[in-house]
There are 2 protein chains.
Amino acid sequence: MAENLPSCRREFVETAGRLCQRLGLPRSTGQIYGLLYLSAQPLSLDDISGLLSLSKASASTGTRQLLTWQALKQVWVPGDRRDHFEAIGDLRELLRTGYENFFRPKLERSVTKMDQLLANLEADRKSGALSKEDHAFCKARLAHMATLQSRVTKLLPIAEKFF
Amino acid sequence: MAENLPSCRREFVETAGRLCQRLGLPRSTGQIYGLLYLSAQPLSLDDISGLLSLSKASASTGTRQLLTWQALKQVWVPGDRRDHFEAIGDLRELLRTGYENFFRPKLERSVTKMDQLLANLEADRKSGALSKEDHAFCKARLAHMATLQSRVTKLLPIAEKFF
DNA sequence: CAGAACGTTCAATTGCGATTGAACAAATAA
DNA sequence: TTATTTGTTCAATCGCAATTGAACGTTCTG
């Protein structure tokens, strides 16, 4: 990490990096967004890799990823043919699209997965792999899980409106 | 993974394992809970490591972790001096304590972190590390983030009641 | 045109944390 | 008592994905 960053930015970059790391995303991605979030001027790939001590490759893949998430935008800086990047500051929107692209598909898949599981359960019952008691037990537990699932599905749109 | 598991349990175990993996938790942890969630009878450490093809060590650490999360309970099986484990089926409660122990502390820390950042910002301003414009820009962005933070803080208790 | 600047791609490396095997301690049995 | 069973701890290993360096294609410049 470069020493020439003001301490507040340095700390912010570190925090953003760690946050991404916890979310299972590349740390560099968070660092890049964090750096740009507190940069009044757009930065080039060289600036980014230099300030964060990242390789050119990481800066490139990271910015491209962030672009697909609509977390950054490219801006043209007159007199410089390099790409420059700016953070899109609207975190609310970022959160919303993040939910849309990230959570929601998984939630939907989990519902179809539950159907598969229930189908398998019946198949196991018929094939004799599961006793009557085990069948009933599993069915009850899966049903309980399904109700929770539907609650989450109902909650999230509400939360979305809350923002 | 053992072949002697009925297909519905096998698939459930796999799904639970992957879910934990995505959440940044050990996969084995999810597998163990998944196995027990669909087991009408409590299982011993040997059963668990056998059915899941895990080492004794993994089964031990995994169950202990799950116990601290109140996701399992130990039950005594007469005539067997080994520990046996049962899944606690109330997923709602599990979710609630998970939020309490896992998310909430981080959310609280993020608030104090924000204070630190704002303090650093002022320090940088006074030391001349940040121009007046940069200072204003960063302050605005951090303020925006702080409002989002407080919204999340307000939302979560509401979501909790929803369940 | 040649040469440089810029960004991307991809195989190789690295780092991190889950998993393991072996040694250990505690409890039970013989 | 000694031997066996049971569960934990910890250093070593392994797997996975982030990161890198080098080679590449493209676009600009002189």
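Per chain, numbering begins at 1; letters A, B, ... match sequence-line order. Just so you know, these numbers use all the heavy atoms, side chains as well, and skip hydrogens, waters and symmetry mates.
R82(A) comes within 4.0 angstrom of sugar-phosphate atoms only, judged by non-hydrogen atoms across all strands, and of no base.
Taking atom CG of L54(A) as the reference point, atom C1' of dG15(C) lies 15 Å away to the nearest angstrom. Atom-to-atom, CG of L52(B) to P of dA18(C) comes out at 17 Å; the value is rounded to the nearest Å. One can place CG of D46(A) at 6 Å from P of dG7(C), the figure rounded to the nearest angstrom. Rounded to whole Å, the distance from CD1 on I48(A) to P on dT8(C) is 11 Å. Atom CD1 in I32(A) sits about 14 Å away from atom C1' in dG7(C), given to the nearest Å. Remark: C1' of dA26(C) and CZ of R81(B) are 10 Å apart, rounded to the nearest angstrom. Going from atom CH2 of W76(A) over to atom P of dC28(D) covers 12 Å, rounded to whole Å. Taking atom NE2 of H84(A) as the reference point, atom P of dC6(C) lies 9 Å away to the nearest angstrom.
Listed by residue number, G24(A), P26(A), R27(A), S28(A) are the residues of residues 17-29 of chain A with a heavy-atom contact under 4.0 Å to DNA chain D. Residues from residues 55-66 of chain B lying near DNA chain C, meaning a heavy-atom separation below 4.0 Å, are S55(B), A57(B), S58(B) in numerical order.
Scanning all heavy atoms of the two residues, the minimum distance from A129(B) to P6(A) falls at O-CG, 4.0 Å.
Residues L91(A) and L142(B) are members of one and the same hydrophobic cluster, defined by side-chain heavy-atom contacts under 4.5 angstrom among Ile, Leu, Val, Met, Phe, Trp and Tyr. F12(B) and V111(A) fall into different hydrophobic clusters, where Ile, Leu, Val, Met, Phe, Trp and Tyr are joined by side-chain heavy atoms under 4.5 Å apart, directly or via other members.
Between H84(B) atom NE2 and I48(B) atom CD1 the span is 9.5 Å, to the nearest 0.5 Å. Here CZ of R18(A) is found 8.0 Å from NZ of K113(B). Values are rounded to the nearest 0.5 Å. Atoms CD and OG1, on Q65(B) and T68(B) in that order, are 4.0 Å from each other to the nearest 0.5 Å. Separation of atoms OG (S7(B)) and CG (D124(A)) is listed at 3.5 Å; rounding is to 0.5 Å.
Legend: residues meeting salt bridge (Lys or Arg N to Asp or Glu O under 4.0 Å) with R81(B), ordered by chain and number and at least two apart, are absent.
Salt-bridge check for E122(A) with K126(A): failed, with every basic side-chain N at 4.0 Å or more from each acidic carboxylate O.
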